[in-house]
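Quick caveat: nothing in here was measured; it's all calculated off a predicted structure. Counting convention: from 1, in listed order, for ligands and their atoms alike. Position 1 is the first residue of the sequence; numbering continues from there.
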Amino acid sequence: MITKTVAVFPGDDASPEVMLPTVALLEKLQLPIDFVYPMVGEPALAAHGSRFPEGSKAQVDQADASFFGSTSGQSTEALFYLRWGKQTYANVRPCQFRPGYRSPMANPENIDFVVVRENLEDLYLGLEGDLTDLAGLNLYSKHAKTSLKDMGAGRYAIKVITEAGSERVIRFAFELARKRGGMRKVTLTSKYNMLAKADGYFRDIGYAVAKEYPDIGFETFIVDDFLCRMISNPCALDVVVTPNLYGDIFSDGAAGLIGGLGLAPSGCYGADYAYFESAHGTAPDIQGQNIINPTATVLSASMMLTYLGLNEAGNTLEAAISSLYAAGQCIPVDQGGNAKTSEFFQALNDALGLT
Ligand code: ATP
């Protein structure tokens, strides 16, 4: 079997507490994977004059995928490279309930959908600035009946929705709906009434792509309506596709439906690269307490194994997580139990028959 290479970024604050034991567990599974650790942040700056030096970039390029721990700054440049440098345009965030999760819903059993968030455009291009930058454009708001230059001091951020960027992520969502073989439905959501030009464009492209997939259902909802539906009837969803910002927000909300951020994995896919990270941030408020829930990170690792063609190992890992929650004896603190992070990893090792 061909050996794969994974570039590991342990991350900041509480992230290494879940990242490093997860990699240790993957090592124990004796999979055909070599793990490399590109240097980032302050040590890289001191040694090579950059927080993400060329050598680290080369390690990412040579790897088959990256496993990324959330960052509060040390690996931000690496993260930007993983996104824009590697064109990982589809952020896939599954929301699947497992018995034992502490869901606030009365009937969470059948919650099983995926948010596909466009990962490279929208308001995340960093095109922000002072309103005075735009003075020369003579922009006029028909809604407010005022010129931008008359609005006084302020800032702006540009929302970009491109044809190519939208089309590829929407197509990705349809392909995923086919592959999942569930309800075989794509739900597109954006603010296409108020933002008719930008978000309306995203929806128009959705309708065009949907014609190529007659076997897959297609529906669209305005974001506010969608959010109400996501909370009141999440079981009606299969694959949700949405521009970047809404996807960022809705996927955290989706995590809340099943029991919280500690449970939410994530993978960002491009045409020829992918990286995997939990949907949550670095959880700085619980750093060093040995209580961060590893589930999101382990499930992200499972997604990575599947991406690398190690489907059986990915399924085994996922099944082990399910079995721990179903048994109810080693439940992390955020899920109402009292298992420490290290105890959860020990139980996971035991469930996998590892020493
Ligand atoms: P970002 O902006 O990078 O998403 P953030 O600081 O907004 O980060 P998180 O780091 O995701 O948000 O944390 C939000 C809350 O959820 C915090 O109270 C944190 O402790 C909690 N949290 C996040 N991940 C976990 C986890 N794996 N286990 C337990 N609690 C978590």
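Proximity to Ile292 (heavy-atom distance under 4.0 Å) selects the following atoms of ligand 1: 26 (C), 27 (N), 28 (N).
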Under the criterion salt bridge (charged side-chain N to carboxylate O under 4.0 Å, His left out), I'd like the reasoning laid out for Glu212 against Arg171: C-alpha separation, chi angles, the key distance, then a yes or no. CA-CA 9 Å; Glu212 297 170 31; Arg171 184 163 282 124; 2.7 Å; yes
Determine, step by step, whether Tyr101 and Tyr325 satisfy the side chain to side chain contact (heavy atoms under 4.5 Å, CB included) criterion, reporting the C-alpha distance in whole Å, the side-chain angles of both residues, the deciding distance to 0.1 Å, and the verdict. CA-CA 7 Å; Tyr101 283 2; Tyr325 279 98; 3.6 Å; yes
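In the candidate list Asp252, Ile286, Asp13, Leu263, Ile286 is nearest to atom 30 (N) of ligand 1, counting heavy atoms.
Shortest contact from atom 23 (C) of ligand 1 to any protein heavy atom: His280 CB, 3.7 Å. Given atom 15 (C) of ligand 1, the protein heavy atom at minimum distance is Leu261 CD1, 4.4 Å. Closest to atom 5 (P) of ligand 1, if we only count protein heavy atoms, is Gly281 CA, 4.7 Å. When only non-hydrogen protein atoms are considered, atom 20 (O) of ligand 1 lies nearest to Asp285 OD1, 2.7 Å. Nearest protein heavy-atom contact of atom 28 (N) of ligand 1 is Asn293 N, 2.9 Å. In terms of protein heavy-atom proximity, atom 10 (O) of ligand 1 is nearest to Ala283 N, 2.8 Å. The shortest contact between atom 6 (O) of ligand 1 and any protein heavy atom is with Pro284 CD, 4.4 Å.
With Tyr246 as the aromatic partner, Lys191 does not meet the cation-pi criteria of under 6.0 angstrom to the ring centre and within 45 degrees of the ring axis. Remark: Arg203 is positioned above the aromatic ring of Tyr192, its terminal NZ or CZ atom under 6.0 angstrom from the ring centre and at most 45 degrees off the axis. At least one cation-pi condition fails for Arg180 and Phe174: the charged atom is not both under 6.0 angstrom from the six-membered ring centre and inside a 45 degree cone around its axis.
Using a 4.0 Å cut-off between heavy atoms, Thr282 contacts ligand 1 through its backbone alone, with no side-chain atom that close.
Ring-plane geometry between Phe276 and Tyr269 is classed as perpendicular, the angle between the planes exceeding 60 degrees on a 0 to 90 degree scale with a lower cut at 30.
Under the side-chain contact (heavy atoms from CB on, under 4.5 Å) rule, Arg178 has a single partner from Ile216, Val239, Val186, which is Ile216. Only one option out of Ile111, Asn110, Asn107 pairs with Phe97 in a side-chain contact (heavy atoms from CB on, under 4.5 Å); it is Ile111.
Atom 17 (C) of ligand 1 is approached by the protein to below 4.0 angstrom, counting heavy atoms only.
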